[in-house]
Amino acid sequence: MDMDIVRESGALIVKPEGHVDGSNSQEFQQALDTAITEEDSAVIMELEGLTYISSAGLRVILTTGRALQQRGAKLALCALSEAVSDVFQVSGFDQLLTVTDSREEALHLIVG
């Protein structure tokens with residue numbers, strides 16, 4: 001798994017690529033914990049490059065979302081690949097988290 005990180009329009013954009021499962025979910029969590037600072041009030045995970053996510057990866061995203069919410073920050077997911085979108089729908093995560101079709105839509109929702 002690789003991850004690109006950029007800042008755009010007041011949001012931290014995280015773009016993981018590859019797959020996230022039990023073998024690398026801790027690495028994914030550590031990368032997110034390092035990238036997201038206390039100053040970040042809006043985080044967008046752009047998931048078009050993510051080809052697979054297991055329950056371990058979902059747990060990392062949920063944990064990150066809860067941590068952000070506890071300090072008043074927002075998380076949105078966007079541009080989910082078809083495989084990842086299917087996992088989100090089956091697991092119900094698409095109902096628990098903000099999911100949009102595009103980065104622009106996510107920015108509009110959580111930054112304004």
Side-chain angles (χ1 to χ4, degrees):
M1 178 205 63
D2 291 321
M3 191 161 66
D4 289 332
I5 300 165
V6 296
R7 295 187 187 280
E8 179 183 320
S9 303
L12 178 71
I13 313 291
V14 179
K15 294 177 63 174
E17 294 185 6
H19 71 277
V20 178
D21 59 22
S23 70
N24 64 356
S25 63
Q26 286 185 331
E27 175 188 338
F28 183 42
Q29 183 71 65
Q30 290 171 347
L32 290 172
D33 290 346
T34 300
I36 300 169
T37 68
E38 287 296 318
E39 290 79 36
D40 291 314
S41 60
V43 177
I44 296 172
M45 289 190 197
E46 190 170 326
L47 303 180
E48 66 189 349
L50 198 62
T51 56
Y52 175 79
I53 190 164
S54 72
S55 60
L58 291 174
R59 188 169 35 256
V60 169
I61 291 174
L62 187 60
T63 300
T64 300
R66 285 183 178 160
L68 289 167
Q69 185 179 29
Q70 286 178 347
R71 62 179 182 85
K74 297 178 182 177
L75 172 67
L77 311 173
C78 70
L80 279 63
S81 66
E82 186 175 337
V84 172
S85 180
D86 289 345
V87 171
F88 271 72
Q89 289 174 8
V90 168
S91 66
F93 270 58
D94 61 334
Q95 302 299 310
L96 296 174
L97 300 164
T98 301
V99 179
T100 67
D101 291 332
S102 68
R103 180 191 296 194
E104 293 75 22
E105 187 180 353
L107 281 166
H108 179 72
L109 279 175
I110 68 172
V111 177

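These numbers come from a predicted model, not from an experiment. Starting from 1, each residue takes its place in the sequence as its number. Basis for what follows: all heavy atoms, side chains included, without hydrogens, waters or symmetry-related copies.
Closest heavy-atom contact between Val20 and Met1: CG2-SD, 3.6 Å. A pairwise comparison of heavy atoms in Ser25 and Gly57 identifies CB-N, 4.4 Å as the closest pair. Looking at every heavy atom in both residues, Cys78 comes nearest to Ser102 through CB-O, 3.5 Å. Minimum interatomic distance between Glu46 and Pro16 (heavy atoms only, all atoms of both residues): O-CD, 3.6 Å.
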Given Gln69 and Leu75, is the side chain to side chain contact (heavy atoms under 4.5 Å, CB included) satisfied, shown in steps?
CA-CA 8 Å; Gln69 185 179 29; Leu75 172 67; over 6 Å; no
Candidate pair Ile53 and Ile61, rule side chain to side chain contact (heavy atoms under 4.5 Å, CB included), full reasoning:
CA-CA 10 Å; Ile53 190 164; Ile61 291 174; 3.6 Å; yes
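In this structure, the separation between CD on Gln30 and CG on Asn24 is 11.0 Å, given to the nearest 0.5 Å. Of the inter-residue distances, the one linking Arg59 atom CZ with Thr64 atom OG1 reads 12.0 Å to the nearest 0.5 angstrom. How far NZ of Lys74 is from CG of Leu97: 14.5 Å, rounded to the nearest 0.5 Å. Atoms CG and CG, from Leu96 and Leu58 in turn, are 10.0 Å apart once rounded to the nearest 0.5 Å. Note that the CD atom of Glu104 and the OG atom of Ser9 stand 9.0 Å from one another [nearest 0.5 Å]. Annotation: the span from Leu77 atom CG to Phe88 atom CZ amounts to 5.0 Å, rounded to 0.5 Å.
For Ile5, the side-chain contact (heavy atoms from CB on, under 4.5 Å) partners are Met3, Leu12, Ala35, not counting sequence neighbours. Taking Glu8 as the reference, Arg103 meet the salt bridge (Lys or Arg N to Asp or Glu O under 4.0 Å) condition, with sequence neighbours excluded. Evaluation of the side-chain hydrogen bond (donor to acceptor under 3.5 Å, both in side chains) rule for Ser23 yields Asp21 as partners, not counting sequence neighbours.
Proximity of Met45 to Leu32: side-chain heavy atoms (C-beta onward) are separated by under 4.5 Å at one or more points.
No side-chain donor-acceptor contact under 3.5 Å links Asp94 to the backbone of Ser85. Between the Ser81 side chain and the Leu50 main chain, a donor and an acceptor come within less than 3.5 Å of each other.
Atom CD of Gln89 has more than 12 heavy atoms from other residues, nucleotides or ligands within 6.0 Å.
Grouping Ile, Leu, Val, Met, Phe, Trp and Tyr residues whose side-chain heavy atoms lie under 4.5 Å apart, directly or via other members, leaves Tyr52 alone, with no other cluster members. Apart from Val6 itself, the hydrophobic cluster it occupies contains Ile13, Ile44, Leu107, Leu109, Ile110, Val111, where clustering links Ile, Leu, Val, Met, Phe, Trp and Tyr at side-chain heavy-atom distances under 4.5 Å.
The side chain to side chain donor-acceptor pair (under 3.5 Å) contacts involving residues 34-43 comprise Arg7-Asp40, Thr37-Glu39, Thr37-Asp40, where partners must be two or more places apart or lie in separate chains.
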